[in-house]
Amino acid sequence: MSQDVVITGMSLITSLGLSYEENWKNLVAGKSGVKNITLFDAGALATRFAAEVPNEFEELSRTYIKKRAASQMTRVTRMCVTAAKIAVEDAGINFDLADRTRCSVIIGVVNTGNSSAEKDTSPQNTVFKTMTNSMPAWISLEYQLAGPNFAVNTACASSAYAIAFGFEMIKSGQADVVIVGGADSIINFEEIQGFNALYALSVANDTPESASKPFSHDRDGFVIGEGAGVLILESKKHALARNARIHAEIAGYSLTSEGYNIMAPMKDGEGMAQTMELAIKNAGIKKEDVGYINAHGTSTELNDRYETMAIRKVFGDFANQVPVSSSKSMLGHTIGAAGAIEAIITVQSLKYGILPPTINYLQPDPDLDLDFVPNVARPKKIRFALSNSFGFGGHNATIVLKKI
Amino acid sequence: MATITEKTKEEVKEVVYSFFAEECEVDIEQINENTSIIKDLDGDSLMFLELIEIFKKKYNLDIELKVIGKYAVKHPVSTIGQLIEMQLLIIEHENRLLDIEP
């Protein structure tokens with residue numbers, strides 16, 4: 001029997017705060033988390049800014065992860081495990097009362113963060129810091145969960161894929177609870193150098209706070225962010241049986257592959273459009289039910305152009321009535337964590353009836369003619385919202401979220 | 001083959017107790033010979049390897065890990081007391097550890 005899937009716990013660790021409440025407050029205020037890089041000496045790089053998680057994270061992490069285990073984790077893995085433990089607290093789940101064989105963990109992991117910026121790596125912990133399954137493994141170990149636990153890598157769509165797989169496991173009756181999400185940081189010399197070589201990053205070093213400007217005429221590339229987002233997915237039946245507070249429902253999703261190019265999206269956003277179409281169909285709703293789209297919105301020339309074209313193609317004239325905003329304008333692009341972080345932000349939009357803005361939108365691109373919720377948050381009661389994630393390699397995901 | 005003196009025993013005990021207290025974030029007074037490394041301290045098997053490295057340096061030991069591995073399979077360690085005993089045997093017999101088996 002098909003199960004409804006609800007979100008009973010959430011956690012966010014980003015440049016704008018260490019809780020989803022703090023993040024929400026800053027996002028609605030239109031604050032930027034982007035600053036000059038402090039994690040390493042970026043002086044020789046073309047891009048010298050990013051959206052770093054605040055230093056206070058270290059203190060928070062110490063309250064959730066024992067020193068011994070922490071020494072075997074990278075900073076990014078600690079972000080993920082800390083976020084997972086906060087999300088479990090938020091959900092109020094006692095796993096002693098659950099069937100642990102029906103509890104799983106799925107985490108989007110592009111890399112574990114064992115880069116040149118990582119501290120205290122030694123021969124004894126290199127393997128643990130590098131193995132890409134470490135994040136779900138540590139979470140599973142923490143709660144002795146016996147259902148499947150694994151990592152999924154689909155580049156910038158990784159944690160959206162994790163949400164989709166978790167949804168499917170519950171929907172099909174294979175699991176009662178799935179911890180899903182992602183954590184990532186590519187704020188290190190070699191990866192920034194690599195993305196600079198692809199001309200993918202903004203180089204607006206004089207104005208870091210306003211460098212991420214999705215859908216603007218003067219956008220010049222994405223801004224790197226870092227962080228973690230974790231959600232507790234649960235069958236509605238399981239959640240109601242324990243009187244859990246429900247944040248929102250997952251109504252459906254779509255995953256597609258473009259088979260087109262290792263870096264560029266399919267021309268005119270055809271793959272993106274197909275993904276949104278299928279997600280709306282999967283959720284069993286009408287296009288007119290969609291009240292908001294949390295866009296992938298990277299601030300790159302091609303993504304923003306094609307995502308706009310895709311939304312126009314899917315919604316036709318109704319596209320003018322669907323507000324679209326990019327959280328990356330404030331948080332930068334958190335790569336493998338972006339799908340989960342932005343899904344949580346979308347849940348907050350549904351809960352509070354407020355749409356976070358696209359900041360730094362000062363020069364509209366005449367070719368991109370949607371309502372991008374420019375610069376200022378907007379009240380709007382919505383029932384359904386889409387969260388888009390599109391990754392290098394043609395990995396596309398759209399998650400459909402429903403207000404409870 | 002080294003001779004194990006009372007001083008060596010005290011040194012090993014002190015290193016082991018301090019190591020677990022530090023790594024597992026517990027008061028050293030909470031540790032005794034019967035303390036379970038996994039159940040009581042939430043320790044892990046890697047800690048055993050790290051201790052071997054510490055003692056290899058401290059006593060300039062000639063011991064291969066595979067020798068210790070073979071010995072440990074037949075003489076599993078679960079408490080702090082058992083761990084100290086094994087470390088003393090390693091210091092005493094080094095690569096001839098397996099020769100002491102009956």
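Chain A is the first sequence line, chain B the second, and so forth, proteins listed ahead of strands; every chain is numbered from 1.
- Heavy-atom contacts from other residues, nucleotides or ligands closer than 6.0 Å to CG of Asn55(A) number 12 or fewer.
- Shown here is Glu89(A), whose CD atom has more than 12 heavy atoms of other residues, nucleotides or ligands within 6.0 Å.
- Residue-environment remark: CZ (Arg96(B)) stays at or below the threshold of 12 foreign heavy atoms within 6.0 Å.
- The environment of NZ in Lys25(A) is sparse: at most 12 heavy-atom neighbours from other residues, nucleotides or ligands sit within 6.0 Å.
- With a threshold of 4.5 angstrom between heavy atoms, Glu22(B) approaches chain A through its backbone and through its side chain.
- Looking at Asp44(B) and Arg68(A), a side-chain N of the basic residue comes within less than 4.0 Å of a carboxylate O on the acidic one, giving a salt bridge.
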Is there a salt bridge (charged side-chain N to carboxylate O under 4.0 Å, His left out) between Glu25(B) and Arg62(A) once you walk through the steps?
CA-CA 11 Å; Glu25(B) 297 174 280; Arg62(A) 277 193 286 275; over 6 Å; no
